[in-house]
Colleague: 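Quick one: structure below, then a few questions.
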Amino acid sequence: MTDPATFDLATFLDEERGRADSALARAMDRVDILLSADEGAAVRHAVLTGGKRLRPILCVAAYRACGGAGGDAGHDLGAALEMIHAYSLMHDDLPCMDDADLRRGRPTPHRVFGEATAMRAGAALIPAAGLQAWWASRSMGCGDEIGALIVVELMRAAGGGGMVGGQVLDLVGEGRSLSASELAALHRKKTGALLTASLRIGGLAARTDATSLEALTTYGRGVGLAFQIADDILDATASAETLGKNPSDAALAKSTYVTLYGLEEAERRARAEAEGAVMALERAGLESPALEALGHYVVERTH
């Protein structure tokens with residue numbers, strides 16, 4: 001077992017991003033048959049143009065922590081989570097929502113391909129991700145029952161009870177001062193649901209026990225909230241060039257953890273959420289230097 005103190009996170013992230021990118025390229029070859037040429041180009045623009053790949057990396061790390069084997073199949077499963085994430089960004093950036101010009105340092109899909117094409121292409125990623133998760137789970141030998149649980153987990157995290165519900169709360173909250181409970185509920189859905197599902201799907205694919213799955217769930221929720229608080233801090237302190245996106249939440253008059261608590265308290269809360277996430281794994285006896293390092297990474301990152 002690698003000591004978390006000596007775990008080389010930078011190398012791990014570089015290697016895992018490369019594997020995630022390869023899996024996404026394979027997935028795009030399958031998605032192309034569902035789309036027109038313009039829609040396919042818009043999807044590739046959104047999915048293959050960089051990103052932290054945190055969701056597939058968390059999925060594979062959870063899978064390995066629970067005894068899953070190596071190989072490409074785990075990364076193919078993680079690709080389904082990144083496809084849902086890419087869809088959410090495509091729709092978040094539309095003129096009817098955030099009307100964003102820049103994402104990952106490049107023009108947003110609707111600026112390049114038009115609003116209608118970007119909307120259709122983003123929507124197509126939802127069933128495509130479900131098919132990707134089903135195909136990958138079968139390739140991993142999960143069987144019909146586990147494969148179905150994985151697809152249900154993914155769709156619940158993506159839908160009204162998860163990410164889409166969070167997007168609605170985000171839109172409704174523009175121009176309002178949200179309370180602490182309202183802000184937490186928004187981000188548990190919009191950001192936290194898919195991050196948590198990434199951990200749970202990795203655990204399900206490894207056929208882990210209930211104790212480990214609950215620990216992964218607690219870890220995912222803590223990391224998801226820490227990630228969002230860190231996003232709010234970066235949004236308030238970093239430039240659009242550094243973040244690679246525009247506009248900021250402040251420009252859209254959105255409530256954030258920084259506007260609610262101030263910068264110092266927001267930083268303290270992010271660290272506390274990350275530490276609580278890692279402790280949940282320790283209590284369950286689930287040893288994973290990668291997940292421990294990723295728990296700290298979400299609050300220490302610079303973009």
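Side-chain atoms are counted along with the backbone in the values below, which use heavy atoms only and exclude waters and symmetry mates.
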Colleague: Other members of the hydrophobic cluster containing Val168, with the 4.5 Å side-chain heavy-atom rule, please.
Modeller: Val172
Colleague: Assess whether atom CZ of Arg19 is packed by more than 12 heavy atoms of other residues, nucleotides or ligands within 6.0 Å.
Modeller: yes
Colleague: Would you check if there is a donor-acceptor pair between the side chains of Arg200 and Thr217 at a distance under 3.5 Å?
Modeller: yes
Colleague: To check you understand the geometry: which heavy-atom pair defines the closest contact between Ile84 and Leu194, and what is its length?
Modeller: CG2-CD2, 3.8 Å
Colleague: Any carboxylate oxygen within less than 4.0 angstrom of a Lys/Arg side-chain nitrogen, looking at Arg64 and Glu16?
Modeller: yes
Colleague: Using salt bridge (Lys or Arg N to Asp or Glu O under 4.0 Å) as the criterion, list what pairs up with Asp170, not counting sequence neighbours.
Modeller: Lys190, Lys254
Colleague: At their closest point, which heavy atom of Ala274 faces which heavy atom of Ala226, and how far apart are they?
Modeller: N-CB, 4.0 Å
Colleague: Is any side-chain heavy atom of Thr259 closer than 4.5 Å to a side-chain heavy atom of Thr256?
Modeller: yes
Colleague: Mind checking the CG-CG spacing from Leu204 to Leu213? Nearest 0.5 Å is all I need.
Modeller: 5.5 Å
Colleague: Is there a chain of hydrophobic side chains (I, L, V, M, F, W, Y, each step under 4.5 Å between heavy atoms) that links Leu225 to Met163?
Modeller: no
Colleague: Under 3.5 Å, is there a donor-acceptor pair between the His296 and Glu275 side chains?
Modeller: no
Colleague: Taking Thr208 for the side chain and Gly203 for the main chain, is one N or O donor matched with an acceptor at less than 3.5 Å?
Modeller: no
Colleague: Hey, what do you get for CZ (Arg138) to CD1 (Ile150), rounding to the nearest 0.5 Å?
Modeller: 11.5 Å
Colleague: Group every Ile, Leu, Val, Met, Phe, Trp and Tyr by side-chain heavy-atom contacts under 4.5 Å, then state whether Leu54 and Phe7 land in the same group.
Modeller: yes
Colleague: Keeping Glu39 on the side-chain end and Ser36 on the backbone end, is there a donor-acceptor pair under 3.5 Å?
Modeller: yes
Colleague: Any chance you could lay out the side chain to side chain contact (heavy atoms under 4.5 Å, CB included) test for Val278 and Val223, step after step, and finish with the verdict?
Modeller: CA-CA 9 Å; Val278 171; Val223 163; over 6 Å; no
Colleague: Give a yes or no answer on whether the side chain of Arg53 reaches the backbone of Ala20 with a donor-acceptor pair at less than 3.5 Å.
Modeller: no
Colleague: Looking at every heavy atom in both Leu48 and Ala25, which two are closest together, and how far apart are they?
Modeller: CD2-N, 4.0 Å
Colleague: Does Arg17 count as lying over the ring of Phe12, i.e. NZ or CZ under 6.0 Å from the six-ring centre, within 45 degrees of the axis?
Modeller: no
Colleague: Same hydrophobic cluster for Tyr261 and Leu178, using side-chain heavy-atom links shorter than 4.5 Å among ILVMFWY?
Modeller: yes
Colleague: Only one of Gln132, Met83, Arg44 clears side-chain contact (heavy atoms from CB on, under 4.5 Å) with Leu24; which?
Modeller: Met83
Colleague: Around Arg26, counting heavy atoms of other residues, nucleotides and ligands shown, do more than 12 lie under 6.0 Å from its CZ?
Modeller: yes
Colleague: How long is the gap from CD on Glu153 to OG1 on Thr196, to the nearest 0.5 Å?
Modeller: 9.0 Å
Colleague: If only atom types and distance count, is the side chain of Tyr219 paired as donor or acceptor with the main-chain N or O of Glu292 below 3.5 Å?
Modeller: no
Colleague: Would you say Met119 and Val164 are hydrophobically clustered, going by side-chain heavy atoms of ILVMFWY under 4.5 Å?
Modeller: no
Colleague: Show the numbers, then the answer: is there a side chain to side chain contact (heavy atoms under 4.5 Å, CB included) between Leu294 and Leu13?
Modeller: CA-CA 9 Å; Leu294 286 166; Leu13 288 175; 3.8 Å; yes
Colleague: If you look at every heavy atom in Ala118 and Leu94, which pair is closest and at what distance?
Modeller: CB-CD2, 4.1 Å
Colleague: Does NZ or CZ of Arg269 lie under 6.0 Å from the centre of the six-membered ring of Tyr257, at an angle within 45° of the ring axis?
Modeller: no
Colleague: Should Arg106 and Asp101 count as an ion pair when the cut-off is N to O under 4.0 Å?
Modeller: no
Colleague: Given the rule in the side chain to side chain contact (heavy atoms under 4.5 Å, CB included) test, do Val60 and Leu77 qualify, once you have shown the distances and angles that lead to the verdict?
Modeller: CA-CA 8 Å; Val60 173; Leu77 181 61; over 6 Å; no
Colleague: Measure from the side-chain N and O atoms of Ser198 to the backbone N and O of Pro56, and report whether any donor-acceptor pair falls under 3.5 Å.
Modeller: no
Colleague: Would the distance check show the side chain of Arg104 and the main-chain N or O of Ala46 forming a donor-acceptor pair, the cut-off being under 3.5 Å?
Modeller: yes
Colleague: With the side chain counted from C-beta on, respond yes when Glu273 and Val298 share a heavy-atom pair under 4.5 Å apart, and no when they do not.
Modeller: no
Colleague: Minimum heavy-atom separation for Asp32 to Gly40, with atom names?
Modeller: OD1-CA, 4.2 Å
Colleague: Under a 4.5 Å side-chain heavy-atom rule over Ile, Leu, Val, Met, Phe, Trp and Tyr, are Leu260 and Val258 clustered together?
Modeller: yes
Colleague: Measure from NZ or CZ of Arg55 to the centre of the six-membered ring of Phe227, then state whether that distance is under 6.0 Å and the direction lies within 45° of the axis.
Modeller: yes
Colleague: Check step by step if side chain to side chain contact (heavy atoms under 4.5 Å, CB included) holds for Ser139 and Asp76.
Modeller: CA-CA 9 Å; Ser139 297; Asp76 288 325; over 6 Å; no
Colleague: Could you check whether any side-chain N or O of Ser137 sits under 3.5 Å from a backbone N or O of Trp134, counting only pairs where one atom can act as donor and the other as acceptor?
Modeller: yes
Colleague: Flag the pair Arg111 and Asp93 as a salt bridge only when some basic side-chain nitrogen lies within less than 4.0 angstrom of an acidic carboxylate oxygen.
Modeller: no
Colleague: Does atom CE of Met279 have more than 12 heavy-atom neighbours, drawn from other residues, nucleotides or ligands, at distances under 6.0 Å?
Modeller: no
Colleague: So, Thr108 side chain and Arg103 main chain: donor-acceptor pair closer than 3.5 Å or not?
Modeller: no
Colleague: Taking atom CD1 of Ile229 and atom CD of Glu267, what is their separation to the nearest 0.5 Å?
Modeller: 11.0 Å
Colleague: For Ser212 and Asp209, indicate whether the former's side chain and the latter's backbone hold a donor-acceptor pair under 3.5 Å.
Modeller: no
Colleague: Under 3.5 Å, side chain of Ser88 to main-chain N/O of His85, donor-acceptor pair present?
Modeller: yes
Colleague: Could Glu182 and Arg176 be called an ion pair, given the rule that one side-chain N must be under 4.0 Å from one carboxylate O?
Modeller: yes
Colleague: Under a 4.5 Å cut-off applied to non-hydrogen side-chain atoms, are Asp8 and Glu15 in contact?
Modeller: no
Colleague: If you look at every heavy atom in Leu281 and Leu216, which pair is closest and at what distance?
Modeller: CD2-CD2, 4.2 Å
Colleague: Out of curiosity, His110 NE2 to Met97 CE, how far, rounded to the nearest 0.5 Å?
Modeller: 11.5 Å
Colleague: Between NE2 of His75 and CG of Asp21, what distance do you get to the nearest 0.5 Å?
Modeller: 10.5 Å
